[in-house]
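In what follows, a single structure is set out as structure tokens and then discussed.
As a basis for the values below, the full set of heavy atoms in this structure was taken, side chains included, without hydrogen atoms, waters or symmetry mates. Predicted model, so just to flag it, every value in this text is computed and none were measured.
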There are 2 protein chains.
Amino acid sequence: MNRPQVVKPGSISGFPEWLPEVRMVELHWLDVIRQTFERYGFASVETPSVEALDTLQAKSETSQEVYTLRRLQADPDDASDARLGLHFDLTVPFARYVAAHLNDLVFPFKRYQIQRAWRGERPQEGRFREFTQCDIDVIGADQVPLHFDAELPRIVHETMTALDLPKWTLYVNNRKILQGFYQGLDIADPVAVIQAADKLDKIGPDGVRRILTDKIGLDQRQVGAVLNLAAIRGTGAQVVEEVLALGVKSELLTEGLDELAFVLESLSDLPEDIIVADLSIARGLDYYTGTVYEGKFDGWPTYPSICSGGRYENLVGSFVNRSLPGIGMSIGLTRIFAKMVGEGLIDTGRRCPTDILVIVPSDDRRADALATAAILRDRGFNTEVYHQADKLAKQLRYASRKCIPFVWLSPFDDDGGHEVKDMATGTQITSDPHTWQRP
Amino acid sequence: MNRPQVVKPGSISGFPEWLPEVRMVELHWLDVIRQTFERYGFASVETPSVEALDTLQAKSETSQEVYTLRRLQADPDDASDARLGLHFDLTVPFARYVAAHLNDLVFPFKRYQIQRAWRGERPQEGRFREFTQCDIDVIGADQVPLHFDAELPRIVHETMTALDLPKWTLYVNNRKILQGFYQGLDIADPVAVIQAADKLDKIGPDGVRRILTDKIGLDQRQVGAVLNLAAIRGTGAQVVEEVLALGVKSELLTEGLDELAFVLESLSDLPEDIIVADLSIARGLDYYTGTVYEGKFDGWPTYPSICSGGRYENLVGSFVNRSLPGIGMSIGLTRIFAKMVGEGLIDTGRRCPTDILVIVPSDDRRADALATAAILRDRGFNTEVYHQADKLAKQLRYASRKCIPFVWLSPFDDDGGHEVKDMATGTQITSDPHTWQRP
């Protein structure tokens with residue numbers, strides 16, 4: 001196994017780029033992700049990198065991280081360019097896309113979107129200023145069946161498994177449980193409590209207790225119940241029992257618990273400890289209304305979440321006077337891939353896609369080498385012809401340095417036979433370009 | 001949750017986006033292009049969308065079209081973001097990439113790069129503000145053999161053929177011919193003449209004559225020779241004869257004619273009239289030093305060029321104290337694809353990648369439908385399970401509207417048999433998910 005050097009992320013901090021052998025692995029990952037998404041019938045959508053600033057600000061929370069555009073030579077008084085910005089995620093552009101093409105889409109509309117996004121935040125481990133997200137969403141005309149709350153994690157699990165990632169866990173919760181539980185506690189502003197509880201990871205129970213008491217004004221009983229709820233975590237139906245045991249009741253809470261139980265039950269065939277109910281998960285974004293997800297590496301608990309998502313009722317409603325519910329998940333490709341590269345867990349092999357290098361024995365045999373290569377290409381082999389009639393040793397060294405697995409030794413005269421050298425084993429066998437098979 | 005104001009989801013001029021059925025074709029195109037590039041051993045590289053402004057301005061010609069970035073909430077006095085811009089092509093970022101990773105690359109380095117680029121110019125037919133380019137380049141440590149001047153057009157021709165494009169022509173010239181010819185005419189500033197002659201298309205012979213006479217100060221004999229040279233166009237060796245017949249001589253001219261003849265000869269097996277020598281082609285960019293290419297649709301002569309490129313000696317030299325020669329070609333994917341869409345030449349079929357829709361006969365048979373789908377997916381079929389136990393007619397209508405070719409009718413009870421409906425023919429046959437084959 002070759003351990004790649006960690007490439008300095010370009011010349012600009014937060015904008016990663018990879019050497020060709022690392023990019024080959026990333027490309028393979030992208031193929032795997034796309035194939036898994038398509039296996040479940042999701043259609044590709046791409047949106048422009050650029051949206052009107054009004055669109056990006058329809059959800060205001062991350063607007064301070066938006067990169068706006070300006071033409072270098074623009075008239076300083078001309079503000080038209082300044083109304084454009086790079087998208088900071090794929091959810092907002094997708095909602096805008098659905099709103100723009102409402103009459104041309106068939107619902108429920110299932111799309112995947114694999115694109116870069118940009119955030120002008122300070123680069124740190126796992127946070128980039130340019131990164132690739134892989135999103136799947138189902139958006140419905142009237143309602144989106146709860147089945148999708150289980151299908152999306154299944155697809156993501158299948159993707160992560162195909163990528164052979166280190167053990168990770170998908171933490172699941174339901175915003176209705178939080179909202180319903182807080183309602184049952186007679187809390188006036190459940191959203192403020194959700195946002196406070198969401199900080200549990202960062203500031204701990206005492207920090208959250210202070211916010212709940214001092215800022216939101218909850219009483220001791222309420223604070224205790226909120227923290228007890230957030231402490232519940234488990235893999236099966238006993239989670240529901242534990243919540244019920246806290247003695248809080250509301251219709252919304254019951255609905256949320258039923259939904260969570262359905263999701264856990266539907267995914268019970270997956271390996272144990274992959275899907276974990278965690279009642280502390282809230283997801284900061286205010287548009288989630290039901291199931292929410294957050295995936296983390298088990299081995300790197302402080303590393304930011306590697307996938308996330310949830311159910312929303314009204315995202316497209318920012319753009320048209322109509323509410324279309326949906327559910328989506330997003331895989332943070334750059335975040336995951338960069339971590340794997342950094343940890344030396346990427347097994348780079350070849351430095352180019354070439355299967356076979358065809359040797360050029362002499363300038364006047366070059367035409368033969370080209371003809372051999374054409375035959376091999378027609379048969380589906382990625383084939384390079386060496387660029388000049390160098391000494392054989394030099395041509396072999398090129399193949400070796402580029403990790404090209406096979407070298408085709410063209411005959412030195414019309415009567416000569418073809419030989420193929422297997423660079424891994426060193427064996428060399430007589431062969432015919434029309435019939436050769438990879439050993 | 002508060003409902004935000006409705007933001008009109010208009011698309012922004014110059015930033016194209018496609019419906020899913022059109023995107024499926026674009027995705028197929030991207031696969032074909034990538035596969036063809038890899039067939040010749042070119043390795044994928046991606047660079048950040050963003051470069052330092054200094055990098056982008058190393059070649060100054062298009063700098064006025066650069067989009068610079070600024071964080072929305074940036075301190076107005078903090079100019080650090082303003083030193084970043086979106087790349088306007090893939091050549092400059094590639095040169096910067098090679099310079100940055102010089103010691104980690106094996107030369108000649110063959111890379112392809114399929115990425116978006118941005119130009120803040122006024123959108124018009126064939127010109128977009130965000131567009132995807134597909135570039136191949138070979139960059140060498142010492143020299144890049146002339147063979148590549150013929151290989152790159154061959155690869156591009158193979159790509160265009162695989163995309164089944166309307167008839168197009170690749171016009172080829174060599175900057176050494178122009179430079180050498182002008183030297184032979186004792187013209188002091190050949191580059192100025194090259195830039196003037198490059199305008200022939202737009203302003204005609206009289207316009208060029210005026211620039212040559214009034215601005216550059218050529219005499220009648222020189223102007224006549226320049227225009228005579230630019231009028232030469234042809235498919236074979238007679239082009240060289242025609243240039244020689246003009247009676248101008250220089251060493252560089254001879255070299256250029258030899259190179260052009262080599263390229264034409266090497267590509268003589270391609271269909272006639274695909275590769276045409278055109279002595280008026282100059283390519284405005286000042287870094288080209290040898291062969292230059294410009295591809296145009298025969299049927300739309302005023303439409304901008306659909307591919308272009310050429311040989312350069314010193315592009316990386318902008319970034320390191322070393323000169324690495326290279327040769328590259330770029331396919332303007334968005335420009336070509338948008339034209340095909342606009343002309344109604346894109347044959348859209350399916351609206352999603354789903355091969356098979358599995359019907360859900362009733363809620364309690366849903367688990368069986370899921371199991372059937374899992375078997376079909378394992379066998380490589382893209383499979384959707386219908387989202388709820390609607391009436392059969394409604395489920396079939398969904399398949400029909402999404403252009404899903406096959407519908408799997410799960411049995412209504414444990415003893416029932418599976419049937420598959422071919423939506424194109426309407427035929428329905430008994431089948432087994434473990435053995436079914438696409439007819």
- Please state whether the side chain, the backbone, both or neither of B:E130 comes within less than 4.5 Å of a heavy atom of chain A. side chain
- Query: Looking at B:Y40, is A:R377 sitting on its ring face, NZ or CZ under 6.0 Å from the six-membered ring centre and within 45 degrees of the normal?
  - Reply: yes
- Given A:R116 and B:S49, is the side-chain hydrogen bond (donor to acceptor under 3.5 Å, both in side chains) satisfied, shown in steps? CA-CA 9 Å; A:R116 298 180 175 199; B:S49 307; 3.2 Å; yes
- Item | Residue part contacting chain A, namely of B:D269, when any heavy atom lies under 4.5 Å | neither
- Pairing of B:E121 and A:R71 as salt bridge, 4.0 angstrom limit: no
- Report the residues that fulfil side-chain hydrogen bond (donor to acceptor under 3.5 Å, both in side chains) with B:S44, sequence neighbours left out, ordered by chain and then residue number. A:R23
- Message: Pair A:R34, B:L27 - check side-chain contact (heavy atoms from CB on, under 4.5 Å), show working.
- Response: CA-CA 11 Å; A:R34 168 183 164 190; B:L27 205 52; 3.7 Å; yes
- Query: What part of A:Y112 lies closer than 4.5 angstrom to a heavy atom of chain B: side chain, backbone, both or neither?
  - Reply: side chain
- Looking at A:R96 and B:E17, does any basic side-chain N land under 4.0 Å from a carboxylate oxygen? yes
- With a 4.5 angstrom heavy-atom cut-off, could you sort out which part of B:V385 is near chain A: side chain, backbone, both or neither? backbone
- Which bit of B:F128 is near chain A, if near means a heavy-atom gap under 4.5 Å: side chain, backbone, both or neither? neither
- Query: Checking A:Q113 against chain B: side chain, backbone, both or neither under 4.5 Å from a heavy atom?
  - Reply: neither
- Which bit of B:W18 is near chain A, if near means a heavy-atom gap under 4.5 Å: side chain, backbone, both or neither? backbone
- Message: Would A:H147 and B:Q388 count as a side-chain hydrogen bond (donor to acceptor under 3.5 Å, both in side chains) here? Give the steps.
- Response: CA-CA 9 Å; A:H147 300 290; B:Q388 56 200 11; over 6 Å; no
- Message: Which atoms of B:E158 are under 4.5 Å from chain A, going by heavy atoms: the side chain, the backbone, both sets, or neither?
- Response: neither
- Task: Take B:L86 and A:L86 through the test side-chain contact (heavy atoms from CB on, under 4.5 Å) and record every step on the way to the result.
- Result: CA-CA 10 Å; B:L86 295 172; A:L86 294 172; 4.3 Å; yes
- Query: For A:R111, is it the side chain, the backbone, both, or neither that has a heavy atom closer than 4.5 Å to a heavy atom of chain B?
  - Reply: neither
- Between B:I356, B:V50, B:I404, the one whose heavy-atom pairs under 4.5 Å with chain A are most numerous: B:V50
